[in-house]
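This report concerns only the one structure given below.
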Amino acid sequence: MRAGKKRKEFWGLLSANLVLTVICLGTLIPILYAASVSFNAQNSLLSSDFSFFPKELTLANYRAVFTEEPVMGWMKNSLILAVATVGISLGTGIPAAYVFSRKSFPGRKAVLKVLILLYAFPSLLSMTALYKLLSPMGLINTRAGLIVVYAGTMAVFALWNLKGYFDTIPIELEEAAKIDGASSRQLVTRVILPLAKPSIAVTAMMVLIFVWNEYVFAINFMTGEDTYTLAAGLYSLQASETSGSWPVFSAASLLVSLPVLIVFFALQKNMTAGLTSGGVKG
């Protein structure tokens, strides 16, 4: 009977692994398709003579990204926005999350509910109000204006995500550190933050991905090719199906994905623990 149970478990795990493998391979198809188009010497995407394996391989499309299109300038804009937004979001979200997790004060639950309501509010509906608020301050068509919008949005996300993780850290650890003579600063920097490193890594990664891919605010608050972010700039490459180049667009799309992939693999050790232990907790 035990042998039959083990056999059933084996076949169950094998089936699950096969299904997950097929799903993972399926998600790679668009990436492989974009890679195929990027090496294609012909400007074709969906044509009768298109082949998944290009008949004429070329690196000209990748050279065009660096020499003919201002992709590096768009990447610079996105990097500045991403670094600033991640820094501000974590700089405000970490202390706020710790306070809401550990301290009890009047209006605490009400403030948390208001914050989550604001975060859930559709960004499209707030665009007009944000435009009118930023316009008199001269923040339209500037990186600072987008940083304000992005940081204001993602700081709330950072607060809630990190608060959920701080809630899982036993308060007895802090009490033991206090008994050993740790100051309030040492308590946070040497006890709480090292334990919360996985959740901080995940939060930073989520903020980075949001800024890297955000399109709606970038295209409406930034005008002019020099001020475009990657999302807005890549769209402009294919704004016209007749004049655009799909191979160059595909090459640029693959290249601009590399920084996020590098950061992801650098934080991979902390990602699993952060994703499983974090989350929103009231």
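Hydrogens, waters and symmetry mates are skipped; everything else that's a heavy atom, side chains included, is used.
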- Can Ile262 be reached from Val71 by stepping across I, L, V, M, F, W or Y side chains whose heavy atoms are under 4.5 Å apart? no
- With sequence neighbours excluded, what pairs up with Thr203 under the side chain to side chain donor-acceptor pair (under 3.5 Å) test? Asn161
- Message: How long is the straight-line distance from CD of Glu68 back to CG of Asn61, given to the nearest 0.5 Å?
- Response: 9.0 Å
- Nearest heavy-atom contact between Ala82 and Trp212 is CB-CE3, 4.4 Å
- Look at the aromatic rings of Phe39 and Tyr62 and report parallel, tilted or perpendicular, splitting at 30° and 60°. tilted
- Phe100: which of Leu162, Leu112, Asp167 passes side-chain contact (heavy atoms from CB on, under 4.5 Å): Leu112
- Task: Give the intermediate values and the outcome of side-chain contact (heavy atoms from CB on, under 4.5 Å) for residues Ile94 and Leu193.
- Result: CA-CA 9 Å; Ile94 291 174; Leu193 291 185; 3.7 Å; yes
- Item | Donor-acceptor contact present, side-chain Tyr228 to main-chain Leu234, <3.5 Å | no
- Message: Could you walk me through whether Ile88 and Tyr150 satisfy the side-chain contact (heavy atoms from CB on, under 4.5 Å) test, starting with their C-alpha distance in whole Å, then the side-chain angles of each, then the deciding distance to 0.1 Å, before giving a yes or no?
- Response: CA-CA 10 Å; Ile88 295 173; Tyr150 291 164; over 6 Å; no
- Under 3.5 Å, is there a donor-acceptor pair between the side chain of Ser38 and the main chain of Ala35? yes
- hydrophobic_cluster_shared for Ile171 and Ile192, side chain cutoff 4.5 Å: no
- Message: Test of understanding: clusters of I, L, V, M, F, W, Y form through side-chain heavy atoms closer than 4.5 Å, transitively. Do Trp11 and Leu18 belong to the same one?
- Response: yes
- Item | Cluster overlap Ile80 with Val149, hydrophobic side-chain contacts below 4.5 Å | no
- Message: Apply side-chain contact (heavy atoms from CB on, under 4.5 Å) to residues Glu172 and Glu175 and explain how you reach the verdict.
- Response: CA-CA 5 Å; Glu172 289 78 12; Glu175 294 173 349; 4.2 Å; yes
- Query: Hey, what do you get for CE (Met127) to CZ (Phe217), rounding to the nearest 0.5 Å?
  - Reply: 4.5 Å
- Does the side-chain contact (heavy atoms from CB on, under 4.5 Å) test come out yes or no for Phe66 and Leu255, once each step is laid out? CA-CA 10 Å; Phe66 294 99; Leu255 286 175; 3.8 Å; yes
- Message: Donor-acceptor pair, distance only, cut-off 3.5 Å: does the side chain of Asn77 make one with the backbone of Arg143?
- Response: no
- Check: Cys24 main-chain N/O paired with Thr27 side-chain donor or acceptor under 3.5 Å: yes
- In terms of hydrophobic clusters joined by side-chain contacts under 4.5 Å, are Ile169 and Ile179 together? no
- Heavy-atom nearest pair, Leu208 first then Val86, reads N-CG2, 4.0 Å
- Message: Holding to side chain to side chain contact (heavy atoms under 4.5 Å, CB included), I want the full list of residues that pass it with Ala155, two or more places apart in sequence or in another chain.
- Response: Thr92
- Item | Those residues that, when tested against Leu133, pass side chain to side chain contact (heavy atoms under 4.5 Å, CB included) (two or more places apart) | none
